[in-house]
2 protein chains.
Amino acid sequence: MKVDREWSDGLPIYRQLRDRVVAMMLDGILKEGDPLPSVRNVAAEYRVNPLTVMKAYESLVDEGLVEARRGLGMFINAGARARLLEGEKQRFLEEEWPKIRETIERLGLTPDDLLRARRGKKP
Amino acid sequence: MKVDREWSDGLPIYRQLRDRVVAMMLDGILKEGDPLPSVRNVAAEYRVNPLTVMKAYESLVDEGLVEARRGLGMFINAGARARLLEGEKQRFLEEEWPKIRETIERLGLTPDDLLRARRGKKP
DNA sequence: TGTAGTGTTATATACGACTATAACACCACG
DNA sequence: CGTGGTGTTATAGTCGTATATAACACTACA
């Protein structure tokens, strides 16, 4: 499986890794009680330093979303999804969305532009 | 005028400076033919290193949006706004918006949530 | 001519993110 | 018990961002 050409943005890798795990939790790919992919595995898969993965996982521990059991792995806490959903919702609406809305207005983009933006390119 | 506490995000300052100038161009605050605020002034105003401002302005020169006249200043090129608008539109729709849309769906946010997000907080 | 404004370049320093390499600590299981 | 999986920590080096300080090059204008 090819997993190259990630990390294209200007965001730190550990931040992107954290976000990716969060996305998997929200999408139900990782359920509560499940173990996270091991630090070493992720590091190898994505050709990234183990410490970088650790840093990403640490932030999840700090948020109280996962728990580390030495010698076993990192496991998703009960209630993680609900808490995460609420927190991310609020953060998105209060911090990201206002900027996005401003950009949209500045560029003069119509709802129509935004809706037809996924599939076919500009006709 | 207080201008403290900027640069709160995780984006490099020179990137944020560049984006701020671009926003002013799109909003019509800076018109074509106008000079950009001088490197030294911006550096002093925002309490930032002149080289950091230079780096931001350099990227605008590289994009062909402004032109540097030694001893005079940096001036906005003719046609800059139109070209900028088109470029930013495309970049936003192709690179940013898909991710944003994904996040919105993942969080289960409704159009209603997004519309009422500016003024009054959650009722 | 000189002065004050502009962009431009040079040197050195600091810090954070990321990497490479290695070792340590713990647990399940045969 | 050992082996192989897990998380964890340590040391050291690279690179990009940003800093401080200083000097250089050019232009308008009095």
Side-chain angles (χ1 to χ4, degrees), chain A residues 3-21 24-25 30-77 80, chain B residues 3-21 24-25 30-77 80:
Chain A
V3 278
D4 270 38
R5 295 304 157 273
E6 327 270 350
W7 333 127
S8 41
D9 340 49
L11 237 68
I13 293 182
Y14 75 93
R15 247 313 245 149
Q16 297 182 49
L17 276 174
R18 180 266 181 199
D19 289 346
R20 197 172 295 213
V21 174
M24 287 197 287
M25 290 174 59
L30 288 176
K31 302 183 205 309
E32 314 193 346
D34 283 359
L36 262 50
S38 91
V39 172
R40 284 175 174 80
N41 270 353
V42 174
E45 273 270 344
Y46 291 85
R47 318 223 6 167
V48 146
N49 196 295
L51 280 85
T52 305
V53 183
M54 264 303 289
K55 203 166 179 180
Y57 280 11
E58 259 175 11
S59 67
L60 292 172
V61 173
D62 291 344
E63 293 179 66
L65 296 174
V66 312
E67 197 186 3
R69 287 188 240 160
R70 207 185 179 106
L72 288 178
M74 324 247 331
F75 296 83
I76 302 179
N77 282 334
Chain B
V3 278
D4 270 39
R5 295 305 155 269
E6 327 268 350
W7 334 127
S8 43
D9 340 47
L11 235 70
I13 293 181
Y14 76 94
R15 246 313 241 155
Q16 297 182 48
L17 276 174
R18 181 265 181 197
D19 289 344
R20 197 173 296 214
V21 174
M24 287 197 287
M25 290 173 59
L30 289 176
K31 303 184 206 309
E32 314 193 345
D34 283 358
L36 262 49
S38 90
V39 172
R40 284 174 175 80
N41 270 352
V42 175
E45 274 269 344
Y46 292 86
R47 318 223 6 170
V48 147
N49 196 294
L51 280 86
T52 305
V53 183
M54 264 303 289
K55 203 166 177 180
Y57 282 11
E58 259 175 11
S59 68
L60 292 172
V61 173
D62 290 344
E63 295 177 66
L65 296 173
V66 312
E67 197 184 4
R69 285 188 241 160
R70 206 186 181 110
L72 289 179
M74 324 246 332
F75 298 82
I76 301 180
N77 282 334

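Residue numbers begin at 1 in each chain, while the letters A, B, ... track the order of the sequences. Small disclaimer: the values here were computed from a predicted structure and weren't measured.
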**Complete:** Contacts of A:Leu11 meeting side chain to side chain contact (heavy atoms under 4.5 Å, CB included) (sequence neighbours excluded), chain-then-number -> A:Arg15, A:Gln16, A:Asp19
**Message:** Suppose we screen for side chain to side chain contact (heavy atoms under 4.5 Å, CB included). Which residues come up paired with B:Ala43, at least two apart in sequence or across chains?
**Reply:** B:Pro50, B:Val53
**Message:** If the helix axis at each end comes from five base pairs, how far does the helix from C:dT1-D:dA30 to C:dG30-D:dC1 deviate from straight, to 10°?
**Reply:** 0°
**Message:** For B:Arg69, give me all partners under salt bridge (Lys or Arg N to Asp or Glu O under 4.0 Å), at least two apart in sequence or on another chain.
**Reply:** none
**Request:** Verify the contact: side-chain N or O of A:Thr52 to OP1 or OP2 of C:dA17, cut-off strictly under 4.0 Å; return yes or no.
**Result:** no
**Rounded distance (Å) that lies between atom P of D:dG16 and atom CG of A:Leu11** = 18 Å
**Prompt:** Sequence neighbours excluded, which residues qualify as salt bridge (Lys or Arg N to Asp or Glu O under 4.0 Å) partners of A:Arg70?
**Reply:** none
**Request:** Using a cut-off of strictly less than 4.0 Å between a heavy atom of the residue and any atom of DNA chain D, enumerate the qualifying residues of residues 12-19 of chain B by number.
**Result:** B:Pro12, B:Ile13, B:Tyr14
**Prompt:** Could you walk me through whether B:Ile76 and B:Met25 pass the side chain to side chain contact (heavy atoms under 4.5 Å, CB included) check?
**Reply:** CA-CA 9 Å; B:Ile76 301 180; B:Met25 290 173 59; 3.8 Å; yes
**Complete:** Sorted by chain and residue number, the side chain to side chain contact (heavy atoms under 4.5 Å, CB included) partners of B:Pro35 (sequence neighbours excluded) come out as B:Phe75
**Asked** Nearest 0.5 Å, what's the CG-CG distance between A:Leu36 and A:Leu30?
**Response** 6.0 Å
**Asked** For the base of C:dA20, is there a side-chain donor-acceptor partner from A:Asn49 under 3.5 Å away?
**Response** yes
**Complete:** For residues 55-68 of chain A, the side-chain hydrogen bond (donor to acceptor under 3.5 Å, both in side chains) pairs (sequence neighbours left out) are A:Arg18-A:Glu63
**Item:** side chain to side chain contact (heavy atoms under 4.5 Å, CB included) involving A:Asn41 - partner list, sequence neighbours excluded
**Value:** A:Ser38
**B:Lys55 vs D:dA18: side-chain N/O to OP1/OP2 distance below 4.0 Å** = no
Please enumerate all protein N or O atoms sitting under 3.5 Å from an N or O of nucleotides 5-13 of chain D, with distances to 0.1 Å.
| from | atom 1 | to | atom 2 | distance (Å) |
| --- | --- | --- | --- | --- |
| D:dG5 | N2 | A:Gly71 | O | 3.2 |
| D:dT6 | OP1 | A:Ser38 | OG | 3.3 |
| D:dT6 | O2 | A:Gly71 | N | 3.4 |
| D:dT6 | O4 | A:Arg40 | NH2 | 3.2 |
| D:dG7 | OP1 | A:Val39 | N | 3.4 |
| D:dG7 | OP2 | A:Val39 | N | 3.2 |
| D:dG7 | N7 | A:Arg40 | NH1 | 2.6 |
| D:dG7 | O6 | A:Arg40 | NH2 | 2.4 |
| D:dG7 | N2 | A:Arg70 | NH2 | 3.3 |

**Request:** Check salt bridge (Lys or Arg N to Asp or Glu O under 4.0 Å) between A:Asp34 and all other residues, then give those that pass, not counting sequence neighbours.
**Result:** none
